[in-house]
Amino acid sequence: MGVRAISKKVWVFLRDRVGLHGLGFVLSLIVIAFAAVVLYRMLHNLKWSDVTAALAAKNPRDVLIAFFLVAGAYLTLTFYDWFALRAIGKHHVPYRVAALAGFCSYSVGHNVGFTVFTGGSVRYRIYSAWGLGAIDVAKICFVAGLTFWLGNIAVLGLGITLHPDAATAVDQLPPAINRIIGVTALAVLAGYIAWVSYAQRTIGRSSWFVQLPRGRTTLVQVGIGILDLTLCAAAMYMLMPGTPYIDPISLAVIFVTATLLGFASHAPGGLGVFDAALLVALPQFETGELVGALLVFRLFYYIVPFTFALTLLGARELSLRLAGGATPVPAADEASAVSAEAPAVARREVEAPKTAAE
């Protein structure tokens with residue numbers, strides 16, 4: 001029996017017995033395990049004193065700038081939801097609610113993993129008070145995810161085209177191949193923008209469909225994604241050791257690629273995968289100094305927002321209970337139209353104590 005026949009039998013077995021979702025889970029475990037091995041090999045000789053010395057040597061001004069850049073990135077994340085709400089026609093939901101849902105869903109999703117499910121659950125809990133159902137929340141997740149990927153294509157496409165060597169440090173492909181990938185990504189992005197500009201495009205069928213944003217609106221969508229990634233990469237750049245020098249675009253390419261690998265692994269916070277990718281791609285830096293930078297970045301981007309989000313969600317649940325009951329749940333069919341009772345429900349939430357997300 002040939003290799004091709006064996007491969008086909010293995011694929012059919014995995015598809016039919018394990019399932020595509022199960023196969024994705026297995027692949028995630030393989031990626032995480034591989035990253036764990038890489039991390040062990042690179043860090044098993046690392047002394048904690050080297051890390052603490054690197055942290056102590058950091059310029060407080062650079063650390064403060066990095067903190068505000070991360071805060072700016074999370075502010076940008078609130079526009080993911082605000083944009084998605086407008087895209088699906090839910091104009092009655094104000095920005096402050098979109099900000100709360102966007103910030104909390106991403107903070108929880110980034111740390112717990114499986115962002116689509118964990119972040120979607122947080123969004124549903126918040127948006128159901130405004131008459132939105134599960135289908136509406138699924139549409140919001142789709143549009144927000146589209147914003148994220150369009151931003152990634154733009155940043156990586158431009159970065160890899162300009163600095164293909166930076167991508168080579170991660171994927172080990174020749175710079176010429178990476179440049180072709182970058183140009184192709186930009187061409188695909190331009191083609192998509194032209195496609196949605198020419199006519200109104202709809203994705204989905206039956207009761208689940210989304211009208212894609214058109215021309216200029218799509219450019220706004222891409223801009224939101226670019227701003228988010230740029231702020232995150234800039235924060236990491238501020239935390240990097242001063243020597244040896246690395247240009248901002250190269251670091252952005254490496255950072256965004258590492259972020260995508262962590263995202264694809266579904267590991268909580270991309271733990272292990274994100275860190276291993278950066279350590280492999282940046283061997284010119286002292287390991288202790290780079291680990292110190294990663295620790296500070298994780299504190300700012302994961303731990304602090306996660307703690308704040310849990311506090312906000314807890315305060316919201318308490319305020320709703322004190323205001324007279326739990327958040328209502330929409331009907332089983334989850335119709336996208338807002339029910340007649342939604343304004344009254346929303347008014348009750350408005351009268352509850354304001355959260356810091358406002």
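Keep in mind that the numbers below use all heavy atoms, side chains included, and drop hydrogens, waters and symmetry copies. Quick caveat: nothing in here was measured; it's all calculated off a predicted structure.
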Are [X] and [Y] close enough that some pair of their side-chain heavy atoms sits under 4.5 Å apart?
X: Leu313; Y: Ile126; value: yes
X: Leu282; Y: Leu251; value: yes
X: Tyr124; Y: Ile140; value: no
X: Leu85; Y: His92; value: no
X: Leu299; Y: Val304; value: yes
X: Ile224; Y: Gln221; value: no
X: Tyr106; Y: Pro305; value: no
X: Phe306; Y: Ile303; value: no

Indicate the atoms forming the closest heavy-atom contact of [X] with [Y], along with that distance.
X: Pro241; Y: Leu290; answer: CG-N, 4.4 Å
X: His91; Y: Arg86; answer: O-NH2, 3.5 Å
X: Ala277; Y: Ala258; answer: CB-CB, 3.6 Å
X: Val170; Y: Ala281; answer: CG2-CB, 3.6 Å
X: Phe300; Y: Ala66; answer: CD1-C, 4.3 Å
X: Ala166; Y: Ile254; answer: O-CG1, 3.6 Å

Exercise for the section: Report the hydrophobic cluster partners of Val183, with the cluster defined as I, L, V, M, F, W, Y residues connected by side-chain heavy atoms closer than 4.5 angstrom, directly or transitively. Expected result: none

Problem - Remaining members of hydrophobic cluster (4.5 Å side-chain criterion), Leu173 - result: Ile177, Ile181

Treat each ILVMFWY residue as a node, draw an edge where side-chain heavy atoms are under 4.5 Å apart, and state whether [X] and [Y] are in one component.
X: Ile226; Y: Leu75; answer: yes
X: Phe67; Y: Met240; answer: yes
X: Ile153; Y: Leu219; answer: yes
X: Val210; Y: Trp82; answer: yes
X: Tyr302; Y: Leu229; answer: yes

Could you list the residues that satisfy side-chain hydrogen bond (donor to acceptor under 3.5 Å, both in side chains) with [X], not counting sequence neighbours?
X: Asp171; answer: Asn178
X: Ser250; answer: His163, Asp247
X: Thr257; answer: none

Working to the nearest 0.5 angstrom, can you tell me the gap between [X] [atom1] and [Y] [atom2]?
X: Thr243; Y: Glu286; atom1: OG1; atom2: CD; answer: 8.5 Å
X: Leu279; Y: Leu294; atom1: CG; atom2: CG; answer: 6.0 Å
X: Arg316; Y: Cys104; atom1: CZ; atom2: SG; answer: 9.0 Å
X: Leu77; Y: Phe148; atom1: CG; atom2: CZ; answer: 9.5 Å

Problem - Other residues, nucleotides, ligands: >12 heavy atoms within 6.0 Å of Gln284 CD - result: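 Yes, CD of Gln284 has more than 12 neighbouring heavy atoms, counting only those of other groups under 6.0 Å.
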
Handout entry: Pair Asn152-Thr259, side chain to side chain contact (heavy atoms under 4.5 Å, CB included): steps then yes or no
Key = CA-CA 10 Å; Asn152 273 278; Thr259 300; over 6 Å; no

Exercise for the section: May I have all residue pairs that pass salt bridge (charged side-chain N to carboxylate O under 4.0 Å, His left out) and include part of residues 145-169, sequence neighbours excluded? Expected result: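 For residues 145-169, and leaving out neighbouring residues, there are no salt bridge (charged side-chain N to carboxylate O under 4.0 Å, His left out) pairs at all.
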
Exercise for the section: Test Leu212 against Phe142 for side chain to side chain contact (heavy atoms under 4.5 Å, CB included), laying out the working first. Expected result: CA-CA 10 Å; Leu212 297 175; Phe142 172 81; 4.0 Å; yes

Problem - Under 3.5 Å: donor-acceptor pair, side chain of Asp81, backbone of Thr78 - result: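 Not at all, since once roles are kept as given, no pair shorter than 3.5 Å links the two residues.
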
Practice task
Measure from the side-chain N and O atoms of Ser105 to the backbone N and O of Gly120, and report whether any donor-acceptor pair falls under 3.5 Å.
Solution key: no

Practice task
Would you mind listing every side chain to side chain donor-acceptor pair (under 3.5 Å) that reaches into residues 59-77, with sequence neighbours excluded?
Solution key: Tyr74-His110

Practice task
Could you list the residues that satisfy side-chain contact (heavy atoms from CB on, under 4.5 Å) with Leu69, not counting sequence neighbours?
Solution key: Ile65, Leu231, Ala234, Ala235, Met238

Practice task
Assess Arg123 against Tyr127: is NZ or CZ under 6.0 Å from the centre of the six-membered ring, and within 45 degrees of the ring's axis?
Solution key: no

Taking ring-ring contact (aromatic ring centres under 6.0 Å, His included) as the test, write out the residues that go with [X], two or more places apart.
X: Phe285; value: none
X: Phe297; value: Phe255, Tyr301
X: Phe79; value: Tyr95

Show me, pair by pair, the donor-acceptor contacts under 3.5 angstrom made by side chains of residues 184-199, not counting sequence neighbours?
from	atom 1	to	atom 2	distance (Å)
Thr184	OG1	Ile180	O	2.7
Ser197	OG	Ile193	O	2.5

Problem - Full working for side chain to side chain contact (heavy atoms under 4.5 Å, CB included) between Arg201 and Gln211 - result: CA-CA 6 Å; Arg201 306 296 181 178; Gln211 288 188 338; over 6 Å; no

Practice task
Report the C-alpha distance between Leu239 and Val63 in whole Å, list the side-chain angles of each, state the deciding distance to 0.1 Å, and finish with yes or no for side chain to side chain contact (heavy atoms under 4.5 Å, CB included).
Solution key: CA-CA 6 Å; Leu239 296 173; Val63 175; 4.3 Å; yes

